[in-house]
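The next block holds one structure in the form of structure tokens; read it before the comments.
Naming: A, B, ... by sequence-line order, numbering from 1 per chain.
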Amino acid sequence: MKKDIILSGVGGQGIISIAGIIGYAALAKNLYLKQSEVHGMSQRGGAVMSNLRISDKPIASDLIPFGMADVIISVEPMEGLRYLNYLSPDGWFITNLEPFVNIPDYPSLEEITDKIKKIKNHVILNADQIANEIKAKKSMNTVMLGAAAPFLGLEMENFETGIKNIFGSKGEDILKQNIDALKAGIKEAEKFYK
Amino acid sequence: MQKLLLLGDEAIAQGALDGGMSGIYAYPGTPSTEITEYVQHNKYAKENNIHRDWSANEKTAVEAAIGMSYAGKRAMACMKHVGLNVAADAFINSSITGTNGGLIITVADDPSMHSSQNEQDSRFYGQFAKIPMLEPCDQQEAYDMAYDGFILSEQFGLPVLMRVVTRMAHSRADIERKKQKEQNNVKLPKNPRQFVLLPSIAKVQYKHLLSLQDKLIEASENSKFNDYIDASDKKIGIIVSGIAYNYLLENFEDRKLPYPTLKIGQYPLPKAKIEKLFNECKEIIIIEEGYPIIEDQLAGFLGNKKIHGRKDGTIPGDGELNPNIVANALGLHQGKFLEVPEGLKNRPPQFCDGCGHIDMYNALNEAMAEYGKGRVLSDIGCYTMGALPPFNAINSCVDMGASITMAKGAADAGLVPAVAVIGDSTFTHSGMTGLLDAVTENTPIVVCIADNSFTAMTGGQKSHAENRIDSIVRGLGVAEKHIRVLVPLKKNHDEMVKVLKEELAYNGVSVVIFRRVCVTHYASKMKKKRAESK
Ligand SMILES: Cc1ncc(C[n+]2csc(CCOP(=O)(O)OP(=O)(O)O)c2C)c(N)n1
């Protein structure tokens, strides 16, 4: 078992938490893990990405080679496209539809969704909206993780362990919101592959 | 032993703590910051009073670490690559004094310049200083090298340079811990003159350093970090260092390398192992992250064997490596990849909403309008984003502290008025001495200090400048009348413009302090405080 995952978004959108949940979930399943991210300059409203690799054998490179990613999880629709050269031809491109517009020349959303729909395996959902609907406003990122969950080779209980590890200290409410968000993401994404 | 999931930086910190370190000294700088932050939050470090506060800059950090070594204890100094330039005087001379307690200087390089002004390779400094150097290939080695590094240092009585790169520093993997070692006791150097670098003493010490070189090579020869991995296909021999080893392994199923490979983790280079590789293989490929340092050393090392690497274009001359670049260098077949679509727009870093730097630049731009463009010399920090649209407010960012001194030089050249924009932490890092130069000559410059009480750019560390700027500026001799304190808020725009105009018209040194706490880091500090008091 080996999964290479690219996480992308804008600084502050919570991809580090997604990486953390997957990381702990992988540990719960006794897998090897490598996770690489760029800190510093890029965090301030800039583009951020993280390489996450889990496997039942030792992992060599901290960086995923081009064309090898099984999944791209993007919490922002344009950001994921930047890393399309990492996606394996059979890999899944799983993205939030809600754009994060903090630049003057942001392309039209239509232009972006057209590009996404050209990718063989894709899932597009409005995770912000879903998070709002289930009253878990701050859990957009966990909704996205849910959408990707079936492609990560991990079990539901592993994710729950991961969520407990990341959000456990923040109280029962936050914990429940994130579990709800995970489930809502899973459900919404089913439309694309069932 | 216990397993932990750690960033490379954190692995170094844990290794140093377990290896008996008594103090860490550092100034923040991406990608090295998390080493010190890990120690700051570590329970054992707190309970055992391990020194872990930030230093004013990298030079003071290295000097304090040398002092702790002088007193017999184990110390580490950490910095980003350009920080070693600042600390170079102390660093190079510490190789002449040698050490007493173990001393590790850890430097994080930033190939591809993810958040730096350049991609200089710190191994150059290690060679220059003629000291042992360690370069981990993964997080476990990062831990092990920090753990063993103090012993290596104490064995030879020399500082050890540990070099990591961004991808190692900021990548997480599991590591296995070793037994916690005791700290050293305070113990003065045996030779009371060891640290007195008067020429007569330094000459003797330098000869001693030279006499150690063969022994350092021998240590590298026997180091577990330098591994000769034999293979049957002798067409190519590979020399690979640090994290590049992982990119190499990535290209081969089950990590089985087809060519004889020498993995380098400890320097100086192990001569005999290299000779063996040279003798057995037809051509040599050198894969190293950073400058072609091994390559330069080996060119002409043994006959005219063909050497491939960064210099003949087998590997690009700049930028960080990755598994694909290594595959290319080895001529491995790579399939076609999906293409990144055109029309995606860049998303550069930006000021946070409500940041005081925004209000400062709006005022400065208006006040400067009558003088024309090109007069604002700046520095490194969040406020450097003032170089980007829509502000386009600053004209330089060279090295920490350079804003004030460059403004001085420009004013000396006749560009009057010249303005400096510098952050509070950068000011206490290395702006103060430059201001003293300007005061001494009463050079007509306006120094704007963007005082947000934090070292914001690197993650909101405590700034040494907190509550001290006014008295420092006064103490350096800036006239009271020309020390102006403003609150960068929209509602104060007109006042800020007026004050700036007054000071721009003054023919001497002015300091205008824009004081408002960093919105982002203040909020997270308060949140943390509330959580702790719960
Ligand atoms: C010699 C050196 N050390 C460290 C750094 C990393 N660094 C860049 S900006 C910065 C902090 C600047 O803080 P401050 O001047 O207070 O400005 P702020 O980011 O808070 O606006 C640091 C530590 C560097 N670029 N060069």
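Among B/L5, B/T384, B/L249, B/D138, the residue making the largest number of heavy-atom pairs under 4.5 Å with chain A is B/L5. Contact count against chain A (heavy-atom pairs under 4.5 Å) is highest for B/R167 among B/R167, B/M168, B/E339, B/Q139.
Summarising the geometry, atom CG belonging to B/N322 is positioned 6.5 Å from atom OH belonging to A/Y86; distances are rounded to the nearest 0.5 Å. Considering CG of A/L52 and CZ of B/R172, their distance stands at 10.5 Å, rounded to 0.5 Å. A distance of 10.0 Å separates CG of A/D105 from CZ of B/R347, quoted to the nearest 0.5 Å. In this structure, CD in A/E37 is found 12.0 Å from OG1 in B/T166, a value given to the nearest 0.5 Å.
Within residues 58-80 of chain A, the residues approaching chain B closer than 4.5 Å by heavy atoms are, in numerical order, A/P58, A/I59, A/A60, A/S61, A/D62, A/L63, A/P65, A/F66, A/G67, A/E76, A/M78, A/E79.
Partners of A/A127 under the side chain to side chain contact (heavy atoms under 4.5 Å, CB included) rule, at least two apart in sequence or in another chain, are A/N96, A/M140, A/V143, A/M144. With sequence neighbours excluded, the residues forming a side chain to side chain contact (heavy atoms under 4.5 Å, CB included) with A/Q129 are A/N126, A/E133, listed by chain and number. Remark: A/K57 engages A/S55, B/D254 in a side chain to side chain contact (heavy atoms under 4.5 Å, CB included) (not counting sequence neighbours).
Counting non-hydrogen atoms of neighbouring residues, nucleotides and ligands closer than 6.0 angstrom, the CZ atom of B/F252 exceeds 12 such neighbours. Other residues, nucleotides and ligands place more than 12 heavy atoms under 6.0 Å from the NZ atom of B/K345. For A/K183, the NZ atom counts as loosely surrounded, since its 6.0 Å shell holds 12 or fewer non-hydrogen atoms of other residues, nucleotides or ligands.
If you measure heavy-atom distances from B/I243 to chain A, the contacts under 4.5 Å come from the side chain alone. Neither the backbone nor the side chain of B/L6 comes within less than 4.5 Å of any heavy atom in chain A. Both the backbone and the side chain of B/P348 have a heavy atom closer than 4.5 Å to some heavy atom of chain A. Only the side chain of A/K115 has a heavy atom closer than 4.5 Å to any heavy atom of chain B. Heavy-atom distances place no part of A/Y24 under 4.5 Å from chain B, backbone and side chain included. Contact of A/L27 with chain B is made through the side chain alone, with heavy-atom distances under 4.5 Å.
In this structure the side chain of A/L87 reaches within 4.5 angstrom of the side chain of B/L338, judged on heavy atoms. Using a 4.5 Å heavy-atom threshold, the side chains of A/Q35 and B/S171 count as separate.
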